[in-house]
Amino acid sequence: MAKRVFIGREALEELCRCYPTPFHLYDEREIRSRARALNAAFSWNSGFKEYFAVKATPTPAIVRLLAEEGCGCDCATGVELMLAAACGVTGENIMLSSNDTPDDDYRLAARMGALINLDSADMVECLSRALGGALPETVCLRLNPGGSFEVPDNPAGRPAESKFGMTEEQIFESCRRLRAAGVEHFGLHSFLLSNAQGNGYYPALARLLFSRAVRMRDELGVAISFVDLSGGVGVAYREEDAEADIAVIGAGVRTAYEDILVPAGMGDVAIFAELGRWMCGPAGALVTRVIHKKETYRTFLGVDACAADLMRPALYDAYHHITVMGKEDAPRTHAYNVVGGLCENNDQFARDRILPETGVGDLLFIHDTGAHGHAMGYNYNGKLRSAELLVGEDGSVRLIRRAEKPGDYFATLDIDEDFTAALTRGNRQWK
Ligand SMILES: *Cc1c(COP(=O)(O)O)cnc(C)c1O
């Protein structure tokens, strides 16, 4: 499918006069329409809830607009819990799906009344210790079924190699101990494939979890309140990839529900999701300008963004489609390496990418950066993290996170008076 650019070149150039490149740009209409499509696809389940995976796009303006669409927050740390609460998301609208969890994060989650998802059997004791024995009424358990997990159109998942979740025996044992300690309701969670392509992942995972949920009810006599399908539904990063069809996915989960849970008398189990990538990935782009062109053994387009703004290509060799603004329909005739300025050779957004003829001054729209994009930013090489801007439903654009300034980079050195004084003197002198 042709990749969509959600802003025109003129409007983008206009924007760049106020907000220098690079920046991440998000499309409110796309985010809302995804949230609505997801809720519609699961409307057959009265308890359905999406807990947006905050780590994907931890920006309050985005979290708040998803909350307006009925989404809660899935958090992994105490800081993400604070962010969710400050966005007005409270109580059981927050899920703590963490691993290797410090006691303080459990305490904060419990104080907020958030749902807690336990990743390992020893966390039963940790939770109990952290909360002084006062366990919440509901606890979720994260299953790792081991072996391999196969879904058409995807490389086989290898749960047995993954650090997440507990074995089925550990789930049962944890469930017994939690119940003995007063926990009354249980959730069951698993996350087995990331960026899953096609529509088969959620239905296959649902079958696996539903059958385990029935077994837990039958063998332990416990009440299963919800099954959490977590994240993992993928995005069509390449033009030739097919977009996941969330309506088809919802219908596939429904069939599994009606095949397994309803006949077992468990037709009241709620379905939860913790999607991050699918909710926001295609609704964001990294906007960057070509500032240098260099020919050696390849032709390099040096842009003003770098891997510190978007780490996925450097980290996973991930593909992100690139549109040269204003040349959408020009023939793609030239091979370029599109690179950032980090002193690291893997700081390349694309290698041998076939684009229209492109030169210094051209604006590039790097697609699908709305999830796990800005969020993974870092400050290597003294690179400062970029701004984030949101295109509203009425077409107006607003700043939702300012770009970092040198002072942000130096802020944690406020304990070093000699350094901060020298920095202030230097800034005055070089001005
Ligand atoms: C990362 C993560 C998610 C979101 O994953 P996506 O691939 O962005 O959908 C959801 N739940 C947990 C526990 C995660 O770690």
Side-chain angles (χ1 to χ4, degrees), residues 26 31 34-35 37-38 41-42 49-59 62-63 66 71-81 83-84 89 93-101 105-106 109 114-120 123 139-144 149 151 154-155 157 159 162-166 187-199 201-202 205-206 209 226-237 241 243-244 246 249-250 253 271-284 310-312 315-316 318 320 368-376:
Y26 303 90
I31 296 172
R34 286 179 167 262
L38 175 67
F42 286 88
K49 190 162 186 79
E50 153 72 359
Y51 290 82
F52 174 61
V54 165
K55 72 167 189 234
T57 323
T59 308
I62 305 280
V63 172
L66 284 167
C71 302
C73 287
D74 165 41
C75 302
T77 58
V79 170
E80 287 186 354
L81 289 171
L83 190 148
V89 180
N93 293 315
I94 301 179
M95 172 82 68
L96 179 70
S97 277
S98 53
N99 71 97
D100 196 16
T101 310
D105 290 0
Y106 283 140
L115 289 168
I116 294 176
N117 184 14
L118 296 183
D119 176 75
S120 92
M123 290 295 164
V139 172
C140 185
L141 298 168
R142 182 168 186 168
L143 172 72
N144 181 327
F149 181 74
V151 177
N154 289 281
S162 154
K163 72 169 181 170
F164 298 112
M166 36 186 142
L188 188 61
H189 168 284
S190 197
F191 188 161
L192 302 182
L193 271 190
S194 199
N195 191 30
Q197 299 295 300
N199 302 319
Y201 169 58
Y202 256 17
L205 178 68
L209 288 175
F226 62 87
V227 166
D228 183 349
L229 300 174
S230 192
V233 175
V235 154
Y237 286 106
D241 292 342
E243 267 281 2
I246 205 69
I249 291 172
V253 173
I271 304 296
F272 292 170
E274 300 172 343
L275 295 173
R277 187 188 310 273
W278 186 86
M279 300 300 292
C280 288
L310 176 66
M311 198 183 194
R312 299 185 69 259
L315 191 61
Y316 315 119
H320 280 268
D368 302 317
T369 70
H372 312 297
H374 188 282
M376 292 172 98

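Atoms within each ligand, like the ligands themselves, are counted from 1 in listed order.
- Residue G276 approaches ligand 1 through these ligand atoms, each under 4.0 Å from one of its heavy atoms: 4 (C), 6 (P), 8 (O), 9 (O).
- The residues R142 and E274 are annotated as not salt-bridged, no charged nitrogen and carboxylate oxygen being separated by less than 4.0 angstrom.
- Note: F191 and F164 fail the aromatic proximity criterion, with ring centroids not under 6.0 Å apart.
- The N/O atoms of F191, backbone and side chain alike, include none that comes under 3.5 Å of an N/O atom in ligand 1.
- Every atom of ligand 1 is numbered from 1 in the order shown, and the set under 4.0 Å from a heavy atom of H372 is 6 (P), 8 (O).
- Residues K163 and N144 bring no donor and acceptor atom of their side chains to less than 3.5 Å of each other.
- Judged by distance alone, the side chains of R312 and H320 do bring a donor and an acceptor atom under 3.5 Å apart.
- Annotation: A56 places no N or O atom under 3.5 Å from an N or O atom of ligand 1; distance criterion only.
- A pairwise comparison of heavy atoms in Y201 and S190 identifies OH-O, 4.4 Å as the closest pair.
- At under 3.5 Å, not a single nitrogen or oxygen of N195, backbone or side chain, sits near a nitrogen or oxygen of ligand 1.
- Taking the six-membered ring for Trp and thresholds of 30 and 60 degrees, F42 and Y202 have ring planes more than 60 degrees apart, a perpendicular arrangement.
- Per-residue contacts place K55 under 4.0 angstrom from the following atoms of ligand 1 (heavy atoms of the residue considered): 1 (C), 2 (C), 3 (C), 14 (C), 15 (O).
- One distance of note links CG of L143 with OG of S230; it measures 12.0 Å at 0.5 Å rounding.
- Every atom of ligand 1 with a heavy atom of A53 under 4.0 Å away is listed here by number and element: 3 (C), 4 (C), 10 (C).
- Contact analysis puts G232 in contact with ligand 1, with a non-hydrogen atom separation below 4.0 angstrom.
- Less than 4.0 angstrom separates some heavy atom of S230 from each of these atoms of ligand 1: 10 (C), 11 (N), 12 (C).
- Atom 10 (C) of ligand 1 has its closest protein heavy atom at E274 O, 3.0 Å.
- The shortest N/O to N/O separation between H189 and ligand 1 does not fall below 3.5 Å.
- On a distance-only criterion, R142 and ligand 1 share no N/O pair closer than 3.5 Å.
- In this structure, CE in M279 is found 8.5 Å from CD1 in I246, a value given to the nearest 0.5 Å.
- Atom CG of N93 is separated from atom CG of L115 by 8.5 Å, given to the nearest 0.5 angstrom.
- At a heavy-atom cutoff of 4.0 Å, ligand 1 is contacted by no atom of N117, backbone or side chain.
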